[in-house]
Amino acid sequence: MNVLAQTEETLKAQIHTAVLAAELATEDTIPDIILETPKDKAHGDFATNIAMQLARIAKKAPRQIADEITANLDKQAASVEKIDIAGPGFINFYMKQDFLGEVIETVLDAGDAYGTSKDGNGEKVQVEFVSVNPTGDLHLGHARNAAFGDVLCNLFAAAGYEVEREYYINDAGNQINNLGLSVEARYLQELGQSVDMPEDGYHGQAIIDIAKNLVKEKGDAWAEKSHEERLDYFKEYGLKASLRNIENDLKDFRVEFDSWFSERSLFENDQIDAALQVLEDGGYTYEKDGALWFKTTAFGDDKDRVLIKQDGAYTYLTPDIAYHKNKLDRGFDQIINVWGADHHGYIPRMGAALQALGYPVEKFSVKIIQMVNLFEAGEKVKMSKRTGKAVSLRELMDEVGIDAVRYYFVARSNDSQLDFDMDLAKSQSNDNPVYYVQYAHARICTMLEQAKNKGFATDGDFDASLLTAEKELDLLKKVGELPQVIAEAADKQMPHKVTQYVFDLASTLHSFYNAEKVLDGDNPERTSARIALMKAVRQTLANGLGILGVNAPEKM
RNA sequence: GUCCCAGUAGCUCAGCAGGAUAGAGCAACAGCCUUCUAAGCUGUGGGUCGCAGGUUCGAAUCCUGCCUGGGACGCCA
């Protein structure tokens, strides 16, 4: 299945055996053999630093150790052509030329499944992301969260985890009241009344649109009703409309959730009181100043947190504790939350809660997505809920394009802040690296089309050993890396590794394309091999882009 | 004051479970289209890896302290 990994495993095992045979270490003292792919091709196909690591154990000079290892290595069994000892004691392995020969067949046989693995062992992972309050449009920052979360889930799925995407709907808090008030104000304004927006109102365009719709559907019927009656209705109406907008926007952004979890359902099922009871029974709560407190300091938090306020209402934390309890009770091996940087301070108290409830805290983790800074006309735009001034996901999709936005947001580490230059994204969208990658895919598709038109066989047998040009070997090696890239990106939860990989592969393809001709009537056998190579690269690019949720076009 | 993230080329960022001369894109400069898509390729220039210590055969990577920028420290959500 995974040619490269198999080759590496065999080589590692042979090195292991050689070290023992040379009596440089024992089964107990031998370190893990680490193989790396040298950055410089002059250093071979694989390299290991084992000789340096053994220096202490064997009490010999690294280069001497390296000599002894190579003398004891079964080159034949490891498919090694040549060995060099270099630098301070690196052992460089040059593999027999055909070690990459099976790559193409492996890729073509696996098709869309190439790159996937079973590393995750079917472990059940749940990722909760976006979870924006249903009080307006999704904006720039949410888009980053959505792209990251979605690609992370794709990665988990590809790496053999069982993954579920969940959106937590905050439909029970104060903000729903504010939503109702905001819709009410906009509604009355639509009807020509001069009404101020509430202090904590939501000023975005989304609420205005909702109010317009209300007027269209119901006319001024609700202006006559009592404020209380109206508010009740507007809250529900606003909530439903907002959720519909959010779901639509996300769907168009190619993000679909398996589960939408309502905060209210926790109230309705008494799950909050149940969670509180467990905390109380554990002796983790106390009353002070007319409020109920949670001793999060017992688990390393800065200060204790209020669970029930003086006025008898829950704080935000309380239902959230019940929510996370609910998640773990659903039997996930891992629950991952994707949060904005402004929520990072919330992690210790959530961790505290889960510990107090008796869950292993390792099952819970949070990925923090750093802020997105918006630049327009060279100036940083301050985003604020109050003014509603922010670029929405919808605008981004319309003006920049879905592929470009998704790619852009997962091109960087989630730990780094991100500058988003709206003018650049709009005006120079052709400079976006996503097109570079897509172009590589389209280029291959054109070649394959040409091959058909010119009468070359595109499905026949081929001899992979004819692929000996430097650029061909580069491509084979790169293509062979995908399974490890996906496995590592999933394991480290770093989607941007895939973005980088796909870019590198595209670069290798473009370089090959400019150096070698694929369709050559004078050399039909090599042409067949190259066509097969192109098909493998195309598949690999498509699979990588698939993980990113970016289209792989056949023409550009 | 405490906590989190970042500080690497002119700009935006990779690299950080320690390893060989620190990489890419953009920008700059010089080349490459009668030949499968030039949204491409090839080459050149450009770096005290924030600063100072420490750990070791070896540190951009690990530890400590400091500096700078951003974020968080609510009986808001």
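Because the structure is predicted, anything quoted here is derived from the model rather than measured. Proteins come first, then strands; the chains are lettered A, B, ... in the order of their sequence lines, and each starts at number 1.
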Distance, rounded to the nearest Å, where A:Phe456 contributes CZ and B:C36 contributes P | 13 Å
Using the P atom on both, measure B:A6 against B:G74 and round to a whole Å.
-> 24 Å
Looking only at side-chain N and O atoms, does A:Ser416 come under 4.0 Å of OP1 or OP2 in B:A14?
-> yes
Which base, if any, makes a Watson-Crick or G-U wobble pair with B:G65, both distances under 3.5 Å?
-> B:C51
For A:Asp84, enumerate each residue passing the side-chain hydrogen bond (donor to acceptor under 3.5 Å, both in side chains) test, keeping only those at least two apart in sequence or located in another chain.
-> A:Tyr94
Distances under 3.5 Å only, N/O to N/O: pair up the protein atoms with those of nucleotides 69-72 of chain B.
unit_1, atom_1, unit_2, atom_2, d
B:G70, O2', A:Gln417, NE2, 2.8
B:G71, O2', A:Ala341, O, 3.4
B:G71, N2, A:His344, ND1, 3.3
B:G71, N2, A:His344, NE2, 3.1

Name the nucleic acid region contacted by A:Lys555, choosing base, sugar-phosphate or nothing; use a 4.0 angstrom heavy-atom cut-off, strictly under.
-> base
Is A:Ala47 touching bases, backbone alone, or none of the nucleic acid, heavy atoms closer than 4.0 Å?
-> base
Non-hydrogen atoms of A:Asp45 and A:Pro38 that approach each other most closely = O-CD, 3.6 Å
Under 3.5 Å, side chain of A:Asn133 to main-chain N/O of A:Asn170, donor-acceptor pair present?
-> no
Provide, to the nearest angstrom, the distance between the CG atom belonging to A:Leu505 and the C1' atom belonging to B:A24.
-> 15 Å
Same-atom distance (C1') from B:G45 to B:A30, integer angstrom = 11 Å
Sugar-phosphate only, base, or nothing, as touched by A:Glu516 at under 4.0 Å among non-hydrogen atoms = base
Rounded distance in Å - CZ (A:Arg412) to P (B:G7) | 13 Å
Residue pairs involving residues 285-296 of chain A (criterion salt bridge (Lys or Arg N to Asp or Glu O under 4.0 Å); sequence neighbours excluded) | none
What interatomic distance, in whole Å, is found between C1' of B:G40 and the corresponding atom of B:A22?
-> 27 Å
Do A:Gln484 and A:Glu8 have a side chain donor and acceptor closer than 3.5 Å?
-> yes
Counting only Watson-Crick or G-U wobble pairs whose two distances fall under 3.5 Å, which nucleotide matches B:C26?
-> B:G10
Determine the Euclidean distance between corresponding C1' atoms of B:A17 and B:A59; express it in Å to zero decimal places.
-> 15 Å
Looking only at atom C1', what distance separates B:A52 and B:G46, rounded to whole Å?
-> 27 Å
Any strand is fair game: report the nucleotide pairing with B:C3 by Watson-Crick or G-U wobble, both distances under 3.5 Å, or none.
-> B:G71
Within 45 degrees of the axis of the six-membered ring of A:Phe294 and under 6.0 Å from its centre: does A:Arg349 put its NZ or CZ there?
-> no
Taking only N/O atoms, report every protein-nucleotides 38-42 of chain B pair under 3.5 Å with atom names and distance.
unit_1, atom_1, unit_2, atom_2, d
B:A38, OP2, A:Arg443, NH2, 2.3
B:G40, O2', A:Arg443, NH1, 2.8
B:G40, O2', A:Asn514, ND2, 3.0
B:G40, N2, A:Asn514, OD1, 3.4
B:C41, OP1, A:Tyr436, OH, 2.5
B:C41, O4', A:Asn514, ND2, 2.9
B:U42, OP1, A:Ser511, OG, 3.0

Kindly give the atom pairs (protein nitrogen or oxygen, nucleotide nitrogen or oxygen) under 3.5 Å for nucleotides 15-19 of chain B.
unit_1, atom_1, unit_2, atom_2, d
B:G15, OP1, A:His496, NE2, 3.1
B:G19, N7, A:Asn49, ND2, 2.7

Could you give the distance separating B:U8 and B:G47 at their P atoms, to the nearest angstrom?
-> 14 Å
May I ask you to check whether A:Tyr167 and A:Phe129 place their ring centres under 6.0 Å from each other?
-> no
Side-chain contact test, heavy atoms from C-beta onward, threshold under 4.5 Å: evaluate it for A:Asn177 versus A:Leu231 and give yes or no.
-> yes
Of all heavy-atom pairs linking A:Asp423 and A:Glu376, the shortest is OD2-C, 3.5 Å
Looking at every strand, decide which applies to A:Asp200 at a 4.0 Å heavy-atom threshold: base, sugar-phosphate, or nothing.
-> nothing
Assert: residue with more 5' nearest nucleotide on RNA chain B, out of A:Gly173 and A:Ala411, is A:Ala411
Can you tell me if A:His343 and A:Asn337 form a side-chain donor-acceptor pair at under 3.5 Å?
-> no
Could you pick out which residue, A:Leu317 or A:Pro38, lies toward the 5' side of RNA chain B when each is mapped onto its nearest nucleotide?
-> A:Pro38
Is A:Lys309 near enough to B:G74 that one of its side-chain N or O atoms lies under 4.0 angstrom from OP1 or OP2?
-> no
When every non-hydrogen atom of A:Leu396 is compared with those of A:Leu140, the smallest separation belongs to CD1-CD1, 3.3 Å
Of all heavy-atom pairs between A:Val498 and A:Gly544, which one has the smallest distance, and what is that distance?
-> CG1-O, 3.8 Å
Protein-nucleotides 45-47 of chain B N/O pairs closer than 3.5 Å?
none

Atom pair distance, as rounded to whole Å: CG in A:Leu519 and P in B:C36 | 10 Å
Does A:Phe261 have A:Arg264 sitting over its ring (NZ/CZ under 6.0 Å from centre, angle to axis within 45°)?
-> no
Check the distance between B:C36's P and A:Glu472's CD and give it to me in whole angstrom.
-> 19 Å
Would you mind calling B:C51 syn or anti? Take O4'-C1'-N9-C4 for purines or O4'-C1'-N1-C2 for pyrimidines, and syn is within 90° of 0.
-> anti
Within this structure, what is the OH-to-C1' distance between A:Tyr407 and B:U12, rounded to whole angstrom?
-> 14 Å
Counting any heavy atom closer than 4.0 Å, what does A:Ala442 reach on the DNA or RNA strands: base, sugar-phosphate only, or nothing?
-> base
Under 4.0 angstrom, heavy atoms only, what part of the nucleic acid is A:Gln175 near: base, sugar-phosphate, or nothing?
-> sugar-phosphate
Quantified in whole Å, what is the C1' atom distance between nucleotide B:A38 and nucleotide B:C32?
-> 9 Å
Searching all strands shown, indicate the nucleotide that pairs with B:G58 (Watson-Crick or G-U wobble; both distances under 3.5 Å).
-> none
Within the structure shown, what part of the strands sits under 4.0 Å from A:Asp289 by heavy-atom distance: base, sugar-phosphate, or nothing?
-> base
Going by atom types alone, do A:Asn414 and A:Gln370 pair a side-chain donor with an acceptor below 3.5 Å?
-> no
A:Asp320 side chain to A:Tyr346 side chain, donor-acceptor N/O pair below 3.5 angstrom | yes
Write down the distance between OH (A:Tyr316) and P (B:C73), rounded to a whole number of angstrom.
-> 13 Å
Interatomic distance where CD1 belongs to A:Ile368 and P belongs to B:C73 [whole Å] = 12 Å
Any donor and acceptor pair, going by atom type alone, linking the side chain of A:Asp119 with main-chain N or O of A:Ala159 inside 3.5 Å?
-> no
For B:U12 and B:G69, measure between their P atoms and round to the nearest Å.
-> 16 Å
Looking at A:Phe503 versus A:Tyr436, is the centre-to-centre ring distance below 6.0 Å?
-> yes
